[in-house]
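Heads up, the thing below is written out as C-alpha coordinates.
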Amino acid sequence: MSLLSKTIFKAYDIRGIIGKTLDADVAYSIGLAFGSAALAKGEKAVVIGRDGRLSGPELIKALAQGLQATGIDVIDLGVVATPMVYFGTYVLNAPSGIMVTGSHNPPDYNGFKMVLAGEAIYGDAIQDLYQRIVDKNFQSGSGQYRTHDLRAAYIERIVSDVKPMRKMKIAIDCGNGVAGAFAGELYRAMGCEVDELFCEVDGHFPNHHPDPAHPENLQDLIRAVQNSDAEIGLAFDGDGDRLGVVTKDGKIIYPDRQLMLFAEDVLSRNAGAQILYDVKCTRHIAAWVKARGGVPLMWKTGHSLVKAKLRETGSPLGGEMSGHIFFKDRWYGFDDGMYAGARLLEILSKVADITATLNNLPESPSTPELQMQLNEGENFTLIAQMQKAADFPGATEIITIDGLRVEYADGFGLARSSNTTPVVVMRFEAETPEALARIQAAFKQAVLAVKADAQLPF
(Lines give C-alpha, C1' and ligand atoms only; values in the text may rest on other atoms or scores of the structure.)
Protein backbone atom coordinates (compact mmCIF):
# COMPACT_ATOMS: atom_id res chain seq x y z
CA MET A 1 0.00 0.00 0.00
CA SER A 2 2.96 2.28 -0.55
CA LEU A 3 0.86 4.27 -3.00
CA LEU A 4 -2.08 5.23 -0.78
CA SER A 5 -2.36 9.01 -0.93
CA LYS A 6 -4.99 10.99 0.94
CA THR A 7 -5.12 13.40 -2.03
CA ILE A 8 -7.18 10.98 -4.14
CA PHE A 9 -10.09 11.07 -1.67
CA LYS A 10 -11.90 14.09 -3.14
CA ALA A 11 -15.10 15.87 -2.15
CA TYR A 12 -17.47 13.86 -4.38
CA ASP A 13 -15.46 10.83 -5.49
CA ILE A 14 -12.04 9.18 -5.49
CA ARG A 15 -9.71 10.16 -8.32
CA GLY A 16 -6.04 9.61 -9.05
CA ILE A 17 -3.35 9.15 -11.69
CA ILE A 18 -2.55 5.60 -12.76
CA GLY A 19 0.85 4.44 -11.54
CA LYS A 20 1.30 7.55 -9.39
CA THR A 21 -1.59 7.69 -6.91
CA LEU A 22 -3.81 4.88 -8.18
CA ASP A 23 -3.18 1.22 -9.00
CA ALA A 24 -4.69 -2.25 -8.43
CA ASP A 25 -3.54 -2.35 -4.78
CA VAL A 26 -5.33 0.92 -4.04
CA ALA A 27 -8.45 -0.34 -5.85
CA TYR A 28 -8.37 -3.55 -3.77
CA SER A 29 -8.12 -1.51 -0.54
CA ILE A 30 -11.04 0.68 -1.65
CA GLY A 31 -13.02 -2.54 -2.23
CA LEU A 32 -12.21 -3.67 1.32
CA ALA A 33 -13.18 -0.30 2.80
CA PHE A 34 -16.38 0.15 0.78
CA GLY A 35 -17.47 -3.46 1.29
CA SER A 36 -17.01 -3.07 5.04
CA ALA A 37 -18.96 0.21 5.03
CA ALA A 38 -21.75 -1.45 3.01
CA LEU A 39 -21.96 -4.40 5.41
CA ALA A 40 -22.18 -1.96 8.34
CA LYS A 41 -25.33 -0.57 6.70
CA GLY A 42 -26.83 -4.04 6.29
CA GLU A 43 -26.06 -4.29 2.58
CA LYS A 44 -25.26 -7.65 1.01
CA ALA A 45 -24.33 -6.84 -2.61
CA VAL A 46 -22.60 -4.07 -4.56
CA VAL A 47 -23.12 -3.24 -8.26
CA ILE A 48 -19.94 -2.31 -10.15
CA GLY A 49 -19.12 -1.10 -13.67
CA ARG A 50 -16.37 0.68 -15.57
CA ASP A 51 -15.92 3.17 -18.39
CA GLY A 52 -13.69 2.72 -21.44
CA ARG A 53 -10.40 3.76 -19.88
CA LEU A 54 -7.36 1.60 -20.50
CA SER A 55 -6.74 1.10 -16.78
CA GLY A 56 -10.35 0.03 -16.15
CA PRO A 57 -10.04 -3.78 -16.45
CA GLU A 58 -7.19 -4.00 -13.92
CA LEU A 59 -8.85 -1.65 -11.42
CA ILE A 60 -12.32 -3.22 -11.54
CA LYS A 61 -10.89 -6.72 -11.09
CA ALA A 62 -8.99 -5.64 -7.96
CA LEU A 63 -12.00 -3.67 -6.69
CA ALA A 64 -14.25 -6.75 -7.07
CA GLN A 65 -11.72 -8.92 -5.22
CA GLY A 66 -11.55 -6.39 -2.37
CA LEU A 67 -15.34 -6.25 -2.09
CA GLN A 68 -15.64 -10.06 -2.12
CA ALA A 69 -12.95 -10.40 0.55
CA THR A 70 -15.30 -8.60 2.98
CA GLY A 71 -18.18 -10.99 2.25
CA ILE A 72 -20.02 -8.71 -0.18
CA ASP A 73 -21.54 -10.22 -3.32
CA VAL A 74 -20.48 -8.41 -6.50
CA ILE A 75 -22.69 -7.78 -9.54
CA ASP A 76 -20.39 -6.68 -12.37
CA LEU A 77 -22.11 -4.77 -15.20
CA GLY A 78 -18.93 -4.59 -17.31
CA VAL A 79 -18.41 -1.58 -19.57
CA VAL A 80 -21.26 0.87 -18.88
CA ALA A 81 -21.96 4.58 -18.45
CA THR A 82 -21.94 5.85 -14.84
CA PRO A 83 -25.75 6.34 -14.77
CA MET A 84 -26.18 2.67 -15.68
CA VAL A 85 -24.49 1.69 -12.41
CA TYR A 86 -26.91 4.03 -10.60
CA PHE A 87 -29.78 2.43 -12.57
CA GLY A 88 -28.49 -0.99 -11.54
CA THR A 89 -28.66 -0.06 -7.86
CA TYR A 90 -32.40 0.58 -8.31
CA VAL A 91 -33.38 -2.42 -10.43
CA LEU A 92 -31.07 -5.17 -9.12
CA ASN A 93 -32.12 -4.93 -5.48
CA ALA A 94 -28.63 -3.78 -4.49
CA PRO A 95 -28.71 -0.08 -3.47
CA SER A 96 -24.90 0.26 -3.31
CA GLY A 97 -22.70 0.72 -6.35
CA ILE A 98 -19.25 1.75 -7.54
CA MET A 99 -18.39 3.06 -11.00
CA VAL A 100 -14.75 2.90 -12.03
CA THR A 101 -14.38 6.08 -14.10
CA GLY A 102 -12.06 8.97 -14.77
CA SER A 103 -15.05 10.93 -16.11
CA HIS A 104 -13.72 13.77 -18.31
CA ASN A 105 -10.16 13.74 -16.93
CA PRO A 106 -7.10 13.04 -19.13
CA PRO A 107 -6.44 9.40 -20.21
CA ASP A 108 -3.98 8.60 -17.38
CA TYR A 109 -6.60 9.36 -14.69
CA ASN A 110 -9.16 7.00 -13.21
CA GLY A 111 -11.33 6.88 -10.14
CA PHE A 112 -14.49 5.75 -8.37
CA LYS A 113 -17.98 7.25 -8.09
CA MET A 114 -19.92 5.63 -5.29
CA VAL A 115 -23.46 5.12 -3.99
CA LEU A 116 -23.78 3.61 -0.51
CA ALA A 117 -27.14 2.20 0.56
CA GLY A 118 -28.98 4.42 -1.92
CA GLU A 119 -27.10 7.66 -1.23
CA ALA A 120 -24.32 9.27 -3.26
CA ILE A 121 -21.45 9.56 -0.80
CA TYR A 122 -19.34 12.67 -0.46
CA GLY A 123 -17.27 14.67 2.02
CA ASP A 124 -16.83 12.93 5.38
CA ALA A 125 -18.17 9.60 4.09
CA ILE A 126 -15.34 9.48 1.52
CA GLN A 127 -12.78 10.46 4.17
CA ASP A 128 -14.16 7.64 6.33
CA LEU A 129 -13.17 5.16 3.59
CA TYR A 130 -9.61 6.53 3.70
CA GLN A 131 -9.58 6.16 7.48
CA ARG A 132 -10.83 2.56 7.24
CA ILE A 133 -7.90 1.74 4.95
CA VAL A 134 -5.37 3.42 7.26
CA ASP A 135 -6.83 1.61 10.30
CA LYS A 136 -7.28 -1.67 8.35
CA ASN A 137 -10.82 -1.67 9.75
CA PHE A 138 -12.19 -4.33 7.37
CA GLN A 139 -14.79 -7.09 7.56
CA SER A 140 -13.77 -10.53 6.35
CA GLY A 141 -15.74 -13.04 4.32
CA SER A 142 -16.03 -14.51 0.84
CA GLY A 143 -18.63 -12.92 -1.40
CA GLN A 144 -19.96 -14.27 -4.68
CA TYR A 145 -19.21 -12.73 -8.10
CA ARG A 146 -21.51 -12.59 -11.10
CA THR A 147 -21.81 -10.55 -14.25
CA HIS A 148 -25.03 -8.94 -15.47
CA ASP A 149 -25.87 -7.30 -18.79
CA LEU A 150 -28.09 -4.31 -18.07
CA ARG A 151 -28.08 -2.79 -21.56
CA ALA A 152 -31.49 -3.98 -22.78
CA ALA A 153 -33.28 -3.20 -19.50
CA TYR A 154 -31.81 0.33 -19.37
CA ILE A 155 -32.75 1.18 -22.96
CA GLU A 156 -36.20 -0.42 -22.61
CA ARG A 157 -36.93 1.56 -19.41
CA ILE A 158 -36.28 4.87 -21.19
CA VAL A 159 -37.93 3.99 -24.51
CA SER A 160 -41.08 2.72 -22.74
CA ASP A 161 -41.61 6.12 -21.11
CA VAL A 162 -39.97 8.88 -23.17
CA LYS A 163 -41.84 9.34 -26.45
CA PRO A 164 -40.93 11.92 -29.10
CA MET A 165 -43.98 13.08 -31.07
CA ARG A 166 -42.26 12.57 -34.43
CA LYS A 167 -39.17 11.14 -36.08
CA MET A 168 -36.14 13.39 -35.57
CA LYS A 169 -32.69 13.52 -37.11
CA ILE A 170 -29.92 14.19 -34.60
CA ALA A 171 -26.14 14.14 -34.35
CA ILE A 172 -24.32 12.85 -31.27
CA ASP A 173 -20.69 13.23 -30.19
CA CYS A 174 -19.46 10.90 -27.45
CA GLY A 175 -15.80 11.99 -27.60
CA ASN A 176 -14.77 8.29 -27.58
CA GLY A 177 -16.18 8.05 -24.05
CA VAL A 178 -18.32 5.15 -22.85
CA ALA A 179 -21.66 6.77 -23.79
CA GLY A 180 -20.72 5.88 -27.38
CA ALA A 181 -21.53 2.23 -26.67
CA PHE A 182 -25.18 3.05 -25.85
CA ALA A 183 -26.37 6.49 -27.00
CA GLY A 184 -26.83 5.70 -30.70
CA GLU A 185 -28.84 2.58 -29.95
CA LEU A 186 -30.98 4.40 -27.37
CA TYR A 187 -31.99 7.25 -29.68
CA ARG A 188 -32.61 4.94 -32.62
CA ALA A 189 -34.87 2.87 -30.39
CA MET A 190 -36.75 6.12 -29.70
CA GLY A 191 -37.30 6.52 -33.44
CA CYS A 192 -34.52 8.99 -34.23
CA GLU A 193 -32.16 8.97 -37.15
CA VAL A 194 -28.69 9.33 -35.64
CA ASP A 195 -25.38 10.59 -37.05
CA GLU A 196 -22.63 9.31 -34.75
CA LEU A 197 -19.35 11.13 -34.08
CA PHE A 198 -16.54 9.48 -32.11
CA CYS A 199 -18.80 6.79 -30.65
CA GLU A 200 -16.08 4.12 -30.71
CA VAL A 201 -15.08 3.71 -27.06
CA ASP A 202 -11.34 4.47 -26.94
CA GLY A 203 -9.48 5.27 -23.72
CA HIS A 204 -6.84 7.21 -25.68
CA PHE A 205 -9.52 9.84 -26.59
CA PRO A 206 -7.92 10.41 -30.02
CA ASN A 207 -10.31 13.11 -31.29
CA HIS A 208 -11.03 15.57 -28.50
CA HIS A 209 -11.43 15.63 -24.75
CA PRO A 210 -14.80 14.08 -23.68
CA ASP A 211 -15.99 17.18 -21.83
CA PRO A 212 -18.91 19.13 -23.33
CA ALA A 213 -18.52 21.94 -20.77
CA HIS A 214 -15.74 23.42 -22.93
CA PRO A 215 -16.66 24.97 -26.30
CA GLU A 216 -13.54 23.66 -28.06
CA ASN A 217 -14.81 20.10 -27.52
CA LEU A 218 -18.11 20.89 -29.30
CA GLN A 219 -16.71 22.24 -32.57
CA ASP A 220 -16.83 18.90 -34.43
CA LEU A 221 -20.47 18.45 -33.41
CA ILE A 222 -21.37 22.01 -34.42
CA ARG A 223 -19.88 21.41 -37.89
CA ALA A 224 -21.67 18.06 -38.20
CA VAL A 225 -25.07 19.61 -37.39
CA GLN A 226 -24.52 22.60 -39.68
CA ASN A 227 -23.35 20.45 -42.62
CA SER A 228 -26.11 17.83 -42.48
CA ASP A 229 -29.88 17.74 -42.10
CA ALA A 230 -29.58 16.97 -38.37
CA GLU A 231 -31.90 19.19 -36.31
CA ILE A 232 -29.82 19.26 -33.12
CA GLY A 233 -26.56 17.96 -31.66
CA LEU A 234 -26.06 16.17 -28.34
CA ALA A 235 -22.65 15.65 -26.70
CA PHE A 236 -21.69 13.53 -23.70
CA ASP A 237 -18.81 13.52 -21.25
CA GLY A 238 -16.46 10.58 -20.74
CA ASP A 239 -18.73 8.57 -18.43
CA GLY A 240 -22.11 9.63 -19.80
CA ASP A 241 -23.57 11.53 -16.85
CA ARG A 242 -23.45 15.02 -18.44
CA LEU A 243 -25.09 16.46 -21.55
CA GLY A 244 -23.98 19.17 -23.99
CA VAL A 245 -26.38 20.67 -26.58
CA VAL A 246 -25.73 22.58 -29.82
CA THR A 247 -28.24 24.13 -32.21
CA LYS A 248 -28.49 24.09 -35.99
CA ASP A 249 -27.03 27.61 -36.13
CA GLY A 250 -23.98 26.63 -34.08
CA LYS A 251 -25.00 27.99 -30.69
CA ILE A 252 -24.18 26.13 -27.48
CA ILE A 253 -27.14 25.78 -25.12
CA TYR A 254 -25.48 25.64 -21.71
CA PRO A 255 -26.97 23.38 -19.02
CA ASP A 256 -28.50 26.22 -16.99
CA ARG A 257 -30.60 27.13 -20.03
CA GLN A 258 -31.40 23.47 -20.75
CA LEU A 259 -32.68 23.36 -17.16
CA MET A 260 -35.25 26.08 -17.94
CA LEU A 261 -36.78 23.93 -20.67
CA PHE A 262 -36.82 20.89 -18.39
CA ALA A 263 -38.30 22.95 -15.54
CA GLU A 264 -41.18 24.16 -17.72
CA ASP A 265 -41.97 20.56 -18.69
CA VAL A 266 -41.66 19.14 -15.15
CA LEU A 267 -43.72 21.96 -13.59
CA SER A 268 -46.55 21.23 -16.04
CA ARG A 269 -47.03 17.95 -14.12
CA ASN A 270 -45.73 18.99 -10.68
CA ALA A 271 -47.44 22.29 -9.89
CA GLY A 272 -45.69 24.41 -7.27
CA ALA A 273 -42.65 22.10 -7.05
CA GLN A 274 -39.15 23.19 -6.05
CA ILE A 275 -36.55 23.30 -8.82
CA LEU A 276 -32.93 23.05 -7.66
CA TYR A 277 -29.99 24.75 -9.37
CA ASP A 278 -26.40 25.37 -8.31
CA VAL A 279 -24.72 28.70 -7.50
CA LYS A 280 -23.00 28.83 -10.90
CA CYS A 281 -26.28 28.96 -12.86
CA THR A 282 -27.84 31.98 -14.58
CA ARG A 283 -30.03 34.31 -12.52
CA HIS A 284 -32.75 33.90 -15.17
CA ILE A 285 -33.69 30.50 -13.73
CA ALA A 286 -35.35 31.94 -10.62
CA ALA A 287 -37.69 34.26 -12.57
CA TRP A 288 -38.40 31.56 -15.17
CA VAL A 289 -39.36 28.98 -12.52
CA LYS A 290 -41.49 31.46 -10.56
CA ALA A 291 -43.33 32.52 -13.73
CA ARG A 292 -44.30 28.87 -14.24
CA GLY A 293 -45.57 28.41 -10.70
CA GLY A 294 -42.48 26.70 -9.30
CA VAL A 295 -40.20 27.51 -6.37
CA PRO A 296 -36.54 28.11 -7.33
CA LEU A 297 -33.95 26.85 -4.83
CA MET A 298 -30.28 27.73 -5.26
CA TRP A 299 -27.88 25.16 -3.82
CA LYS A 300 -24.20 24.21 -3.54
CA THR A 301 -22.24 22.95 -6.54
CA GLY A 302 -21.40 19.23 -6.66
CA HIS A 303 -23.37 16.31 -8.12
CA SER A 304 -23.45 14.45 -4.79
CA LEU A 305 -24.60 17.56 -2.93
CA VAL A 306 -27.41 18.31 -5.39
CA LYS A 307 -28.54 14.66 -5.27
CA ALA A 308 -28.66 14.76 -1.48
CA LYS A 309 -30.64 18.02 -1.50
CA LEU A 310 -33.04 16.61 -4.10
CA ARG A 311 -33.70 13.66 -1.82
CA GLU A 312 -34.15 15.93 1.22
CA THR A 313 -36.57 18.37 -0.48
CA GLY A 314 -38.49 15.89 -2.63
CA SER A 315 -37.87 18.17 -5.61
CA PRO A 316 -38.65 16.59 -9.02
CA LEU A 317 -35.75 18.30 -10.85
CA GLY A 318 -32.31 19.73 -10.25
CA GLY A 319 -29.42 20.84 -12.41
CA GLU A 320 -25.88 22.12 -12.39
CA MET A 321 -24.01 24.47 -14.69
CA SER A 322 -21.50 21.65 -15.26
CA GLY A 323 -24.13 19.58 -17.12
CA HIS A 324 -25.41 17.22 -14.43
CA ILE A 325 -29.23 17.18 -14.70
CA PHE A 326 -31.24 15.24 -12.11
CA PHE A 327 -34.77 14.09 -12.95
CA LYS A 328 -36.89 12.69 -10.13
CA ASP A 329 -39.96 13.23 -12.33
CA ARG A 330 -40.53 9.92 -14.22
CA TRP A 331 -36.97 8.82 -13.28
CA TYR A 332 -34.87 8.03 -10.22
CA GLY A 333 -33.22 11.33 -9.28
CA PHE A 334 -29.70 10.58 -10.51
CA ASP A 335 -27.76 12.44 -13.20
CA ASP A 336 -27.78 10.81 -16.61
CA GLY A 337 -26.70 12.64 -19.77
CA MET A 338 -28.29 10.12 -22.13
CA TYR A 339 -31.61 10.25 -20.27
CA ALA A 340 -31.53 14.06 -20.19
CA GLY A 341 -30.94 13.97 -23.95
CA ALA A 342 -33.99 11.72 -24.37
CA ARG A 343 -36.18 14.09 -22.35
CA LEU A 344 -34.90 17.05 -24.39
CA LEU A 345 -35.82 15.30 -27.65
CA GLU A 346 -39.30 14.53 -26.30
CA ILE A 347 -39.86 18.23 -25.50
CA LEU A 348 -38.38 19.52 -28.77
CA SER A 349 -40.35 17.05 -30.90
CA LYS A 350 -43.46 19.09 -30.03
CA VAL A 351 -42.18 22.49 -31.21
CA ALA A 352 -42.27 23.94 -34.73
CA ASP A 353 -38.74 25.37 -34.71
CA ILE A 354 -36.19 23.66 -32.46
CA THR A 355 -33.43 26.22 -33.03
CA ALA A 356 -35.69 29.20 -32.31
CA THR A 357 -37.12 27.52 -29.18
CA LEU A 358 -33.63 26.93 -27.77
CA ASN A 359 -32.24 30.33 -28.77
CA ASN A 360 -35.27 32.09 -27.24
CA LEU A 361 -34.42 30.82 -23.75
CA PRO A 362 -33.39 33.87 -21.68
CA GLU A 363 -29.71 34.74 -21.90
CA SER A 364 -27.48 37.61 -20.78
CA PRO A 365 -23.84 38.49 -21.40
CA SER A 366 -21.83 36.19 -19.12
CA THR A 367 -18.38 34.72 -18.64
CA PRO A 368 -17.50 31.04 -18.72
CA GLU A 369 -16.08 29.60 -15.50
CA LEU A 370 -12.88 31.52 -14.77
CA GLN A 371 -10.27 29.87 -12.60
CA MET A 372 -7.94 31.65 -10.21
CA GLN A 373 -5.02 29.30 -9.54
CA LEU A 374 -3.79 29.15 -5.93
CA ASN A 375 -1.66 26.94 -3.69
CA GLU A 376 -3.14 23.81 -2.09
CA GLY A 377 -5.67 24.82 0.61
CA GLU A 378 -5.34 28.53 -0.13
CA ASN A 379 -8.64 28.55 -2.07
CA PHE A 380 -10.69 27.77 1.07
CA THR A 381 -8.89 30.38 3.17
CA LEU A 382 -9.36 33.07 0.53
CA ILE A 383 -13.12 32.46 0.24
CA ALA A 384 -13.54 32.44 4.04
CA GLN A 385 -11.75 35.80 4.25
CA MET A 386 -13.84 37.24 1.41
CA GLN A 387 -17.07 36.10 3.07
CA LYS A 388 -16.01 37.79 6.29
CA ALA A 389 -14.93 41.05 4.65
CA ALA A 390 -17.71 41.11 2.03
CA ASP A 391 -18.46 44.70 1.12
CA PHE A 392 -20.36 45.13 -2.12
CA PRO A 393 -22.11 48.51 -2.33
CA GLY A 394 -25.27 48.37 -4.44
CA ALA A 395 -25.72 44.60 -4.02
CA THR A 396 -29.30 43.37 -3.54
CA GLU A 397 -28.26 40.10 -1.87
CA ILE A 398 -25.08 38.32 -0.72
CA ILE A 399 -25.40 34.51 -0.79
CA THR A 400 -22.82 32.44 1.11
CA ILE A 401 -24.15 28.85 0.84
CA ASP A 402 -21.20 27.96 -1.43
CA GLY A 403 -18.53 30.65 -1.65
CA LEU A 404 -19.74 34.16 -2.36
CA ARG A 405 -22.50 34.93 -4.87
CA VAL A 406 -23.36 38.62 -4.98
CA GLU A 407 -26.64 39.60 -6.65
CA TYR A 408 -27.28 43.02 -8.19
CA ALA A 409 -30.37 44.39 -9.88
CA ASP A 410 -28.61 43.89 -13.22
CA GLY A 411 -26.41 40.83 -12.73
CA PHE A 412 -24.36 38.67 -10.38
CA GLY A 413 -20.78 37.72 -9.54
CA LEU A 414 -19.60 34.45 -8.02
CA ALA A 415 -16.40 33.30 -6.36
CA ARG A 416 -16.36 29.80 -4.88
CA SER A 417 -13.68 27.33 -3.93
CA SER A 418 -13.35 24.25 -6.09
CA ASN A 419 -13.68 21.12 -3.97
CA THR A 420 -11.39 19.13 -6.24
CA THR A 421 -8.47 21.40 -7.19
CA PRO A 422 -6.74 24.41 -5.55
CA VAL A 423 -8.62 27.04 -7.55
CA VAL A 424 -11.27 29.65 -6.92
CA VAL A 425 -13.94 29.44 -9.63
CA MET A 426 -15.41 32.77 -10.70
CA ARG A 427 -18.37 33.50 -12.95
CA PHE A 428 -20.16 36.69 -13.91
CA GLU A 429 -23.42 37.55 -15.67
CA ALA A 430 -25.08 40.91 -16.30
CA GLU A 431 -27.63 42.65 -18.50
CA THR A 432 -25.01 44.73 -20.31
CA PRO A 433 -21.25 44.50 -20.95
CA GLU A 434 -20.85 47.66 -18.81
CA ALA A 435 -22.62 46.05 -15.85
CA LEU A 436 -20.48 42.92 -16.32
CA ALA A 437 -17.30 45.02 -16.13
CA ARG A 438 -18.59 46.85 -13.05
CA ILE A 439 -19.37 43.62 -11.17
CA GLN A 440 -16.01 42.12 -12.13
CA ALA A 441 -14.26 45.25 -10.84
CA ALA A 442 -16.08 44.91 -7.50
CA PHE A 443 -14.92 41.30 -7.19
CA LYS A 444 -11.39 42.20 -8.20
CA GLN A 445 -11.33 44.76 -5.39
CA ALA A 446 -12.74 42.21 -2.91
CA VAL A 447 -10.09 39.60 -3.84
CA LEU A 448 -7.17 42.04 -3.74
CA ALA A 449 -8.37 43.34 -0.36
CA VAL A 450 -7.64 39.95 1.21
CA LYS A 451 -4.83 38.77 -1.11
CA ALA A 452 -2.87 41.65 -2.59
CA ASP A 453 -0.75 39.46 -4.90
CA ALA A 454 -3.67 37.46 -6.36
CA GLN A 455 -3.47 36.73 -10.08
CA LEU A 456 -7.03 37.26 -11.32
CA PRO A 457 -8.30 35.38 -14.38
CA PHE A 458 -9.91 38.52 -15.88
Residues which pass side-chain contact (heavy atoms from CB on, under 4.5 Å) with Leu54, listed by chain and number, not counting sequence neighbours: His204
Sequence neighbours excluded - salt bridge (charged side-chain N to carboxylate O under 4.0 Å, His left out) pairs with any residue from residues 193-206: Lys169-Glu193, Lys169-Asp195, Arg188-Glu196
Residues forming a side-chain contact (heavy atoms from CB on, under 4.5 Å) with Thr421, sequence neighbours excluded: Ser418, Val423
NZ (Lys451) with more than 12 external heavy atoms under 6.0 Å: yes
Any donor-acceptor N/O pair, Asn360 side chain to Ala356 backbone, under 3.5 Å: yes
CA sep, side-chain torsions, deciding dist, call: Leu63, Val100, side-chain contact (heavy atoms from CB on, under 4.5 Å): CA-CA 9 Å; Leu63 176 73; Val100 180; 3.9 Å; yes
Residues in side-chain hydrogen bond (donor to acceptor under 3.5 Å, both in side chains) contact with Gln455, at least two apart in sequence or another chain: none
Tyr408/Phe392 aromatic ring centres below 6.0 Å: no
Of all pairs that satisfy salt bridge (charged side-chain N to carboxylate O under 4.0 Å, His left out), the ones with a partner from residues 361-370, not counting sequence neighbours: Arg257-Glu363, Lys280-Glu369
Listing, residues 109-116 side-chain donor-acceptor contacts under 3.5 Å, not counting sequence neighbours, or none:
unit_1 : atom_1 : unit_2 : atom_2 : d
Asn110 : OD1    : Thr101 : N      : 3.2
Asn110 : OD1    : Gly102 : N      : 3.2
Asn110 : ND2    : Ser55  : OG     : 2.8
Lys113 : NZ     : Asp239 : OD2    : 2.8
Lys113 : NZ     : Asp241 : OD2    : 2.7

Aromatic ring proximity Phe198/His208, centre distance under 6.0 Å: yes
Residues Glu119, Lys307: salt bridge by 4.0 Å N-O rule: no
Check: Thr247 main-chain N/O paired with Thr355 side-chain donor or acceptor under 3.5 Å: no
Counterpart residues, side-chain hydrogen bond (donor to acceptor under 3.5 Å, both in side chains), relative to Thr21 (two or more places apart): none
Heavy-atom donor-acceptor pair, Arg151 side chain to Val80 backbone, under 3.5 Å: no
Partners passing side-chain hydrogen bond (donor to acceptor under 3.5 Å, both in side chains) against Asp108 (at least two apart in sequence or in another chain): none
Any donor-acceptor N/O pair, Asp278 side chain to Trp299 backbone, under 3.5 Å: no
Partner set under side-chain contact (heavy atoms from CB on, under 4.5 Å) for Pro296, not counting sequence neighbours: Tyr277, Ala286, Val289, Lys290
Thr396 and Glu407: CA distance, side-chain angles, deciding distance, side chain to side chain donor-acceptor pair (under 3.5 Å) verdict: CA-CA 6 Å; Thr396 55; Glu407 299 278 347; 5.5 Å; no
Tyr90 and Tyr332 aromatic ring geometry - parallel, tilted or perpendicular at 30°/60° bounds: tilted
Side chain to side chain contact (heavy atoms under 4.5 Å, CB included), paired with Ile232, selected from Val225, Leu221, Val245: Val245
Side-chain H-bond candidate by donor/acceptor type, Asn207 with Asn176, under 3.5 Å: yes
Test item: Arg427 side-chain N/O and Thr367 main-chain N/O as donor-acceptor pair under 3.5 Å: yes
Test item: Gln445 and Asp391 side chains (from C-beta on) under 4.5 Å apart, heavy atoms: no
Salt-bridge present (Lys10, Asp13; N to O < 4.0 Å): no
Donor-acceptor pair, side chain of Lys163 and main chain of Val159, under 3.5 angstrom: yes
Polar side-chain atom of Glu320 near backbone of His303 as donor-acceptor pair, under 3.5 Å: yes
Parallel, tilted or perpendicular: rings of His324 and Phe326 (30°, 60°): parallel
Tabulate below the donor-acceptor pairs under 3.5 Å that side-chain atoms of residues 381-388 make, not counting sequence neighbours, or state none.
unit_1 : atom_1 : unit_2 : atom_2 : d
Thr381 : OG1    : Gly377 : O      : 3.2
Gln387 : NE2    : Gly403 : O      : 2.6

Note, Val279 side chain near Ile401 side chain (heavy atom, < 4.5 Å): yes
Glu312 side chain vs Lys309 backbone, donor-acceptor pair below 3.5 Å: no
Residues that Tyr12 engages under side-chain hydrogen bond (donor to acceptor under 3.5 Å, both in side chains), provided they are two or more places apart: Asn419
Donor on one side chain, acceptor on other, Ser103 and Asn105, under 3.5 Å: no
NZ or CZ of Arg242 within 45° of Phe236 ring axis and under 6.0 Å: no
Min side-chain heavy-atom separation Phe327-Phe334 under 4.5 Å: no
Interatomic distance, Lys20 atom NZ to Ile8 atom CD1 [nearest 0.5 angstrom]: 14.5 Å
Pairs satisfying salt bridge (charged side-chain N to carboxylate O under 4.0 Å, His left out), at least one member in residues 411-423, at least two apart: Asp402-Arg416
CD/Gln373: more than 12 non-hydrogen atoms of other groups inside 6.0 Å: yes
Short side-chain to backbone donor-acceptor contact, Glu429 and Arg283, under 3.5 Å: yes
Side-chain donor/acceptor of Asp336 to backbone N/O of Tyr339, under 3.5 Å: yes
